[in-house]
Amino acid sequence: MVTAKSTKDNYRTILSDGKHEFISDTPVASGGGDTAQRPGSIFASSLAACMNITTRTLLDAENIAYNDVTVYLDMDRDNPELLTFKRKIVIDADISDEKKNEIIQRVYRCPVCKMMTMPKRFEEME
C-alpha cells in the first residue's frame, strides 16, 4: 500500500510504501514550493524506471555485458483525449543494433506498461 501525507508546506506531500519515503510537490505557479517532482512526473518516472530495470534484466538474462542503459521518456498532454508517451531507450553495449532493437521491443511490455493498459477500477478502502 502507498500513502500520501500532507505537510505544513503548500502541496508538499510525503509519499511512502511503508519502507521508502520520498516527496512530491507542485510548481510555484500552482501554489507549491517546487521542491520535488510533480505527481505527473512521478507517474512518468515509474514507467521510465520499470523500462530501465526491464532492459537490464533482459540483458542480464542473456549474459550481455553493458556499460549503461538510459531511458528518455516524455509525456505529451496537449490532447485532453490522449496521453502520448515519447520514449527512447539507449543501450550502451557491444551488440548489434538488431539485438538492441529486439530487446527494446520486449521492454515495451514491462510490468508498468502492462498495468497502464489494463482496465482500471477504483474502490473505497475500509
Side-chain angles (χ1 to χ4, degrees):
M1 178 174 22
V2 174
T3 60
K5 186 164 177 51
S6 62
T7 68
K8 295 187 187 301
D9 299 319
N10 270 4
Y11 308 124
R12 187 173 164 93
T13 304
I14 300 169
L15 304 166
S16 174
D17 66 358
K19 186 174 180 181
H20 306 98
E21 286 188 352
F22 62 103
I23 306 296
S24 182
D25 200 352
T26 59
V28 173
S30 298
D34 200 19
T35 62
Q37 282 186 296
R38 298 173 9 188
S41 293
I42 292 171
F43 177 67
S45 293
S46 67
L47 176 57
C50 190
M51 291 167 68
N52 187 294
I53 292 166
T54 300
T55 303
R56 290 182 287 147
T57 300
L58 292 170
L59 291 166
D60 290 343
E62 295 192 31
N63 294 314
I64 298 172
Y66 58 93
N67 298 312
D68 188 51
V69 172
T70 304
V71 174
Y72 300 91
L73 186 74
D74 193 20
M75 288 189 302
D76 181 346
R77 295 182 270 188
D78 291 341
N79 180 343
E81 303 287 323
L82 179 67
L83 177 61
T84 301
F85 289 96
K86 297 176 182 176
R87 60 198 181 186
K88 178 180 180 182
I89 299 174
V90 178
I91 301 171
D92 181 6
D94 189 20
I95 57 175
S96 70
D97 287 344
E98 182 180 329
K99 185 64 178 176
K100 285 180 186 178
N101 289 332
E102 181 237 307
I103 289 170
I104 289 168
Q105 290 308 307
R106 290 168 52 202
V107 169
Y108 294 150
R109 296 187 302 268
C110 75
V112 172
C113 291
K114 288 179 184 176
M115 282 192 286
M116 289 173 50
T117 59
M118 296 170 77
K120 285 137 195 83
R121 178 176 64 215
F122 294 90
E123 297 178 352
E124 295 299 319
M125 294 176 77
E126 293 184 22

A.B. asks: Which residues satisfy the side-chain contact (heavy atoms from CB on, under 4.5 Å) test with D68, sequence neighbours excluded?
C.D. replies: T70, D92
A.B. asks: Show me the donor-acceptor pairs within less than 3.5 Å that the side chains of residues 101-109 make with the rest of the protein, sequence neighbours left out.
C.D. replies:
residue	atom	partner	partner atom	Å
N101	ND2	D97	O	3.2
E102	OE1	K99	NZ	2.8
E102	OE2	R106	NH1	2.8
R106	NH1	E62	OE2	2.8

A.B. asks: In the single-linkage hydrophobic clustering (I, L, V, M, F, W, Y; side-chain heavy atoms under 4.5 Å), do L83 and Y72 co-cluster?
C.D. replies: no
A.B. asks: Does anything in residues 31-43 pair up under side chain to side chain donor-acceptor pair (under 3.5 Å), and if so which pairs, sequence neighbours excluded?
C.D. replies: R12-T35, D25-T35, Q37-S45
A.B. asks: Going only through I, L, V, M, F, W and Y residues with side-chain contacts under 4.5 Å, is there a path from Y11 to L15?
C.D. replies: no
A.B. asks: If you count heavy atoms of other groups shown closer than 6.0 angstrom to CZ of F85, is the number above 12?
C.D. replies: yes
A.B. asks: Treating S30 as the side-chain partner and G32 as the backbone partner, does any N or O pair qualify as donor plus acceptor under 3.5 Å?
C.D. replies: no
A.B. asks: To the nearest 0.5 angstrom, please state how far the NZ atom of K5 sits from the OG atom of S16.
C.D. replies: 11.5 Å
A.B. asks: CG/L47 to CG/N52 distance, rounded to the nearest 0.5 angstrom?
C.D. replies: 11.0 Å
A.B. asks: For D17 and H20, work out which heavy atoms get closest and say how close.
C.D. replies: OD1-N, 2.7 Å
A.B. asks: Is the number of heavy atoms from other residues, nucleotides or ligands under 6.0 Å of N67 CG greater than 12?
C.D. replies: yes
A.B. asks: How would you list, by chain and number, every residue that makes a salt bridge (charged side-chain N to carboxylate O under 4.0 Å, His left out) with E98, sequence neighbours excluded?
C.D. replies: none
A.B. asks: Would F43 and M116 satisfy side-chain contact (heavy atoms from CB on, under 4.5 Å), going step by step from the backbone distance to the final call?
C.D. replies: CA-CA 10 Å; F43 177 67; M116 289 173 50; 4.1 Å; yes
A.B. asks: Quick test of your reading: applying side chain to side chain donor-acceptor pair (under 3.5 Å), list the pairs with at least one residue in residues 117-126, sequence neighbours left out, ordered by first then second residue.
C.D. replies: R121-E123
A.B. asks: Compare every heavy atom of A93 with every heavy atom of A65, then report the nearest pair and how far apart it is.
C.D. replies: O-CB, 3.4 Å
A.B. asks: Assess whether side-chain contact (heavy atoms from CB on, under 4.5 Å) is satisfied between T55 and Y66, documenting all intermediate values.
C.D. replies: CA-CA 10 Å; T55 303; Y66 58 93; over 6 Å; no
A.B. asks: Starting at CG of L59, measure out to OG1 of T54 and round the result to the nearest 0.5 Å.
C.D. replies: 11.0 Å
A.B. asks: Group every Ile, Leu, Val, Met, Phe, Trp and Tyr by side-chain heavy-atom contacts under 4.5 Å, then state whether I91 and I53 land in the same group.
C.D. replies: no
A.B. asks: Output all residues satisfying salt bridge (charged side-chain N to carboxylate O under 4.0 Å, His left out) with K19, sequence neighbours left out; order by chain, then residue number.
C.D. replies: none
